[in-house]
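Whatever order the structure lists them in is the order used to number ligands and atoms, beginning at 1.
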Amino acid sequence: MRGVGSGPSGHTLSLRLRLIGLVALIFALSLALGGTIACLNASRSVEREMSSAIAVAQQTIEAAVAGLGRSREPEHELEQLVASFRGNRHLRVTLAGQESAVALPATDAPPLARVPDWFVRLMAVPPSRVRLPIRFGGRDYGAITVETVPHNEILEVWNEFGDSLLILALFSAPTMLLIYVFVGHALRPLDRMARGLASIGRGDYGVRLDGPLPPELSRLRDSFNRMAAQLAGMSVENRRLNEQLLNLQEQERSELARDLHDEVGPFLFAINIDAANIRRHAEAGRLASIASHAAAIGEAIGHLQRQVKSMLGRLRPIGLAEFGLIEAIANLIEFWRRRYPEIAFHLAIAPEAEGCSELLETTIYRIVQECLSNAVRHGQPAAIDIAVAHERRGGPVGELRVTVSDDGSGMRSGSGLGYGLIGMGERVKAMGGSLSVASYPGAGLSVTARLPLAARAVA
Ligand SMILES: Nc1ncnc2c1ncn2[C@@H]1O[C@H](COP(=O)(O)OP(=O)(O)OP(=O)(O)O)[C@@H](O)[C@H]1O
Ligand SMILES: [Mg+2]
């Protein structure tokens, strides 16, 4: 028994890649979905932050402007008010207006170069602007404009996105690598099994799978090993059957040759001598002697006819084709009844048994023949029952159950199998049926063969 080793194969690799592709797709989809949701949330929160910043700024400016009426230098304080917003991360505050108003940039626009345009568009934070006219003490000081500048917030979100993406990449790359390695490892036994099956396909049944496996695959491995062992057993059995067949053929041929030599040859020789004597007596005119030689020839021919008939009977059961199975079995019983008149024979054959395939009829005949010969040879029974019944179970058109039971001694302890029971078993197996032998020591023996009716002989 040889074990099959492990090794890479194109098939496992492609399944591996497919799994990796699937995992990558799931990562990409979750990234897209998570990104969209995060984008929407971020956009909303930037928007909220901008509007609250603009509201706070408006309140601060309005409160400050209300106090300016008492100031001696309102323009200067106004400028200081606007200047106090310088450096604000969310707002740009400018003062613009009438003749005395001074234009002042409140904040520098932060650089947005690092954020791609598409991302800014994706965030879609609408610009917001409030214009607050400044008028007190009967004088117009222009207006303070407060504008939202979401750039800083967007940059922050963009940086957060980048960090998340980096974490995801750091997580997914080793995950995929792990899956790749694990799947490859897990699939390796399948590769071994595929190579084992290929060996079995080539007729090498000695292959066995070994080594520890996960439970799912170990069941598969055990089934594989059982199948291989069964095939190996069947192959040995086949070889044995073939050998036996050849031996039987040889044996049959040598028996026929011996019969032809011993039984036919001398009689042909005797006929030849008698014919020569007849010729000689006829030529000499001794007619009285001719009759005895002619009678001798007649006797020899009679013997030859009996001999040829018995040889034909061995080649093929006599009467099976001519009279049918029922009649042939009845003749068989008659044969033994003449020799053992004290045994009571009972025969019951279902009509379905008649007219089935010639092979099936011959099989049934041979089973009954061997069982009867065994019973009278080994069992000393008082009665033998022979039954061929039709049963609906088994094959599509049912099966025939052949039973031969006797009330003799049953199988004696220590008696082994001869060719009779083995040959019977092989015949039944070749027809797709089953054979069972039940022995009751001191009470008899019963042989049952089940033969599917639509059976085809196994090639
Ligand atoms: N009806 C029976 N009653 C008692 N013993 C039996 C009966 N049939 C078979 N046996 C026992 O089973 C053994 C095997 O039978 P089997 O027909 O296989 O061989 P065999 O009859 O001894 O020889 P072979 O059939 O090869 O000439 C027999 O030797 C006998 O001991
Ligand atoms: Mg026998």
**OP:** Looking only at protein heavy atoms, identify the closest one to atom 26 (O) of ligand 1 and say how far it is in Å.
**Re:** Y419 N, 3.0 Å
**OP:** Determine the interplanar angle of the H281 and H293 rings, folded into 0 to 90°, and report it as parallel if under 30°, tilted if 30 to 60°, perpendicular if over 60°.
**Re:** parallel
Original post:
At the Mg ion (ligand 2), what's the angle from N374 OD1 to E370 OE2, rounded to 10 degrees?
Top reply: 90°
Original post:
Of all the non-hydrogen atoms in the protein, which one sits nearest to atom 7 (C) of ligand 1, and at what distance?
Top reply: L445 CD1, 3.8 Å
**OP:** Examine the side chains of N242 and R239 and answer whether a donor and an acceptor come within less than 3.5 Å of each other.
**Re:** no
**OP:** Decide, counting backbone as well as side-chain atoms, whether S373 has an N, O or S atom less than 2.8 Å from the Mg ion (ligand 2).
**Re:** no
**OP:** Under 4.0 Å, heavy atoms only, figure out whether ligand 1 is touched by the backbone of V447, its side chain, both or neither.
**Re:** neither
**OP:** Looking only at protein heavy atoms, identify the closest one to atom 19 (O) of ligand 1 and say how far it is in Å.
**Re:** G418 CA, 3.1 Å
**OP:** Test E153 against every option in E47, R89, M123 by the side-chain contact (heavy atoms from CB on, under 4.5 Å) rule and name the one that passes.
**Re:** R89
Original post:
Can you check salt bridge (Lys or Arg N to Asp or Glu O under 4.0 Å) on E391 and R450, steps first, answer last?
Top reply: CA-CA 9 Å; E391 290 192 349; R450 295 183 175 280; 3.0 Å; yes
Original post:
For ligand 1, does R412 get within less than 4.0 Å through its side chain, its backbone, both, or neither, judged by non-hydrogen atoms?
Top reply: neither
**OP:** Determine, for E237 against K429, whether the closest basic-nitrogen to carboxylate-oxygen distance falls under 4.0 angstrom.
**Re:** yes
Subject >> Residue, atom name and distance, where the atom is the protein heavy atom closest to atom 3 (N) of ligand 1 >> reply: G379 CA, 3.8 Å
**OP:** Starting from atom 31 (O) of ligand 1, find the nearest protein heavy-atom neighbour and note its residue, name and distance.
**Re:** S415 CB, 3.2 Å
Original post:
Of the listed options (D407, I422, N374), which comes nearest to atom 9 (C) of ligand 1 when hydrogens are ignored and any heavy atom counts?
Top reply: N374
**OP:** Counting heavy atoms only, name the option from R377, M424, Q380 that's nearest to atom 27 (O) of ligand 1.
**Re:** R377
Original post:
Taking only heavy atoms of G410, which atoms of ligand 1 are found under 4.0 Å from at least one of them?
Top reply: 4 (C), 5 (N)
**OP:** Determine whether the side chain, the backbone, both or neither of L421 has a heavy atom under 4.0 Å from any heavy atom of ligand 1.
**Re:** both
Original post:
Charged N to carboxylate O below 4.0 Å: is that the case for R44 and E49?
Top reply: no
Original post:
Among protein heavy atoms, which lies nearest atom 14 (C) of ligand 1, and at what distance?
Top reply: G416 O, 3.3 Å
Original post:
Can you say whether the rings of F171 and F27 are parallel (under 30°), tilted (30 to 60°) or perpendicular (over 60°)?
Top reply: perpendicular
Original post:
Is there a donor-acceptor pair closer than 3.5 Å between any side-chain N or O of R208 and the backbone N or O of Y205?
Top reply: yes
Subject >> Electrostatic pair R253-E250, nearest N-O below 4.0 angstrom >> reply: yes
**OP:** Give a yes or no on whether the ring-centroid distance for F119 and F161 is below 6.0 angstrom.
**Re:** yes
Subject >> Carboxylate-amine/guanidinium proximity below 4.0 Å for E243 and R240 >> reply: no
Subject >> Nearest neighbour in protein (non-hydrogen) for atom 1 (N) of ligand 1 >> reply: D406 OD2, 2.9 Å
Subject >> Residue selection (non-hydrogen contact nearest atom 20 (P) of ligand 1) among E370, M411, H378 >> reply: H378
Subject >> Identity and distance of the protein heavy atom lying nearest atom 24 (P) of ligand 1 >> reply: G420 N, 3.8 Å
